[in-house]
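Accompanying notes for the structure given below.
Whatever order the structure lists ligands and atoms in, that order sets their numbers, starting from 1.
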Amino acid sequence: MSQPIPNTPERQSIHGQWSSRWTFILAATGAAVGLGNIWKFPYLTGEHGGSAFVLVYMLCVAALGIPMMMAEVMLGRRGRQSPVNTMQTLAEETGGSQWWQIIGWSGTVAGVLILSYYSVIGGWTIAYVFKSAGGLFHGATAEGAQQLFEDFVSSPWIVFFWHSFFMVMTMVVVARGVKSGLEKAVQFLMPALFVLLLMVMGYSMTTGYFSKSLAFLFTPDFSRLSGTSMLTAMGQAFFSLSLGMGTIMIYGSYVPKGTSIAGTSCAIAGADTAVALIAGMAIFPIVFANGMEPGAGPSLIFQTLPVAFGQMTGGLVFGVLFFVLLLVAAWTSSISLIEPAVTLLIERFAMTRAAASFWCGVLTWLLGLGTIFSFNIWSGTTLFNMTFFGLLDFLTSNLMLPLGGILIAVFAGWIMTQDSSQSELNITNPRGYKAWILLIRFIAPIAVLIVLLHAVGFL
Ligand code: PFF
């Protein structure tokens, strides 16, 4: 049983509390495991040459991701408010500057920006549930699947319809509060997603290209490592673990006292990484077997999986199930993305949860238009060589989340007293706490800074 923790202020969140440590793990895993693992990780790996990218990604998860996740949960549980107000309270408590609120603001804005494009891809996923149910993948070739995808994304109003559908699904749950429904749903949907991914991987093993894919993913080839690919791998680690933007902080604010922060953070990061790697092992054999381009970009899984489902026995059922579960994974993440903004409106403007959800939803929904158009009418309009979608993604994953991460690490390691962090984290092994403080004070902020400066050409 947990020990009472000394030196911890008795705050209660006005937004509720998870029923147990287990529900927190599930909800945070639901937030972490999403499109980032199954859609984004494979295509980034493909674009950045495979194994070296994967290695940097895994190093970032272990050395930066886990200590930062612990820091975010710790700050959230101590502050027990929206990230902006949590940082305000903790800054007051520690005598730090009110500027620390910037962590909350930047995270809240990043959440809205990410959700605006996340919801568009969530919409693609819903459309693909119907496409697979309608038998459209039957006997699909690589060219056929590509054509199907291109025809789909080049129709802005159809995509807009599905984006709107996904936004409504998200905001309905957010308006009701994350606790009811969501807790129960993730409990069996997450394991089901895992099993289905394993099944697709089972199919991939029969393609004859499984070992080539393993080599692509896991035999380090450092010649492919550039500043940009390192930054992208680090950004992806933050994105996939939902770090640097207050999501884990707000979920941490609902964590019951006495829960082991280190244990839960390792469990969440482990599950998240496992899903990403399995997705890679499931998708690349199909890519290679069908002579597809690993660097195809955001369309990668939407072009590869239909080929697999179109050829395997029972592919119709598996196809539908797979996209339904991908949708669920996207859904449980999208809910968490908007939670910092919604809780902020509730606290600062005394809005009801329903009204706050409505306004955040409308804003994000409209912003989503930019991403929809990036794949059709605006596809030729670029800034710094990036479309609107590319720019949003770069700005959030590669700049805002890592910068947020540095500030969180500095606050947790240097501004908060070691007495407070030690009692909050309550790590029984003294060496464990020493390792954490070393990582959070020095390694994490310095490493993130070096990668950032290197990528923008300062180093
Ligand atoms: N981690 C999610 C994914 O991998 O799809 C995306 C995400 C959710 C990023 C929540 C950031 C966040 F705050």
Side-chain angles (χ1 to χ4, degrees), residues 26-45 57 60-61 65 68-69 72-73 76 82-83 103-122 124-125 166 170 173-174 178 182 186 189-190 193-194 197 232-253 265 268-280 298 301 325-344 360 364 392-405 408:
L26 279 174
T29 307
V33 174
L35 294 169
N37 306 63
I38 299 163
W39 162 71
K40 205 171 175 197
F41 175 77
Y43 88 71
L44 289 179
T45 303
Y57 169 77
C60 289
V61 169
M68 287 214 185
M69 185 173 285
E72 269 201 48
V73 178
S82 63
I103 294 176
W105 285 107
S106 135
T108 305
V109 172
V112 170
L113 297 181
I114 295 176
L115 184 58
S116 80
Y117 77 75
Y118 206 85
S119 163
V120 175
I121 316 298
W124 292 1
T125 312
F166 186 85
T170 303
V173 179
V174 177
V178 261
L182 184 74
V186 283
L189 289 169
M190 283 296 150
L193 175 73
F194 204 72
L197 261 179
T232 313
M234 187 179 76
Q236 172 62 9
F238 276 89
F239 182 88
S240 193
L241 296 173
S242 309
L243 291 177
M245 55 148 293
T247 296
I248 294 293
M249 201 186 282
I250 189 78
Y251 273 27
S253 76
S265 301
I268 298 162
D272 188 71
T273 309
V275 173
L277 295 180
I278 295 174
I301 67 158
L325 286 167
L326 182 60
L327 173 63
V328 171
W331 196 15
T332 51
S333 299
S334 63
I335 288 158
S336 70
L337 277 163
I338 202 74
E339 189 69 7
V342 170
T343 46
L344 179 68
C360 291
T364 319
L392 260 191
D393 185 28
F394 183 83
L395 182 73
T396 50
S397 299
N398 293 3
L399 299 180
M400 292 174 88
L401 303 194
L403 280 172
I408 290 170

Open item on the list: I need the minimum non-hydrogen distance between I250 and S82, along with the two atoms involved.
Closed with: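 Distance-wise, the nearest heavy atoms are CD1-CA, 3.7 Å.
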Open item on the list: Contact between ligand 1 and S336 is defined here as a heavy atom of the residue under 4.0 Å from a ligand atom; is it met?
Closed with: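 Heavy atoms of S336 do come under 4.0 Å of ligand 1.
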Mark up the atoms of ligand 1 that fall under 4.0 Å of a heavy atom belonging to [X], in ascending order.
X    : result
M245 : 11 (C), 12 (C), 13 (F)
G36  : 3 (C), 4 (O), 5 (O)
N37  : 4 (O)

Write out the residue and atom name of the closest protein heavy atom to [atom], then the distance separating them to 0.1 Å.
atom                    : value
atom 1 (N) of ligand 1  : F239 O, 2.8 Å
atom 13 (F) of ligand 1 : T247 OG1, 2.4 Å
atom 4 (O) of ligand 1  : A32 O, 3.0 Å

Quick one: does ligand 1 sit under 4.0 Å from the side chain of [X], the backbone, both or neither, non-hydrogen atoms only?
X    : value
S334 : neither
Y118 : side chain
S242 : both

Can you find a heavy atom in the side chain of [X] that is under 4.5 Å from one in the side chain of [Y]?
X    : Y    : answer
K40  : L35  : no
M245 : L337 : yes
I408 : E72  : yes

Open item on the list: For a quick check under 3.5 Å, do T170 and S334 share a side-chain donor-acceptor pair by atom type?
Closed with: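 On atom types as modelled, these side chains qualify, holding a pair under 3.5 Å.
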TODO: Pick out which of S253, S242, S336 makes a side chain to side chain contact (heavy atoms under 4.5 Å, CB included) with I248.
DONE: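 Exactly one option meets the side chain to side chain contact (heavy atoms under 4.5 Å, CB included) with I248, and it is S242.
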Task: Name of the residue among T125, N37, I121 meeting side chain to side chain contact (heavy atoms under 4.5 Å, CB included) with L326 - done: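 So the option named by the test is T125.
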Open item on the list: Is it the case that the side chain of S119 and the backbone of S116 share a donor-acceptor pair, with hydrogens and angles ignored and the cut-off at 3.5 Å?
Closed with: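 No, S119 side chain to S116 backbone: no donor-acceptor pair under 3.5 Å.
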- [ ] Look at the side chain of S333 and the backbone N and O of V33, then say whether any donor-acceptor pair between them is shorter than 3.5 Å.
- [x]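 Yes: the side chain of S333 pairs with the backbone of V33.
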Heteroatom proximity flag, [X] to ligand 1, N/O under 3.5 Å:
X    : result
A31  : yes
S240 : yes
L35  : yes
L337 : no
L241 : no

- [ ] Describe, in one word, how the ring planes of W39 and W124 are oriented to each other, choosing from parallel (under 30°), tilted (30 to 60°) and perpendicular (over 60°).
- [x]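 The arrangement is perpendicular - the two ring planes meet at more than 60°.
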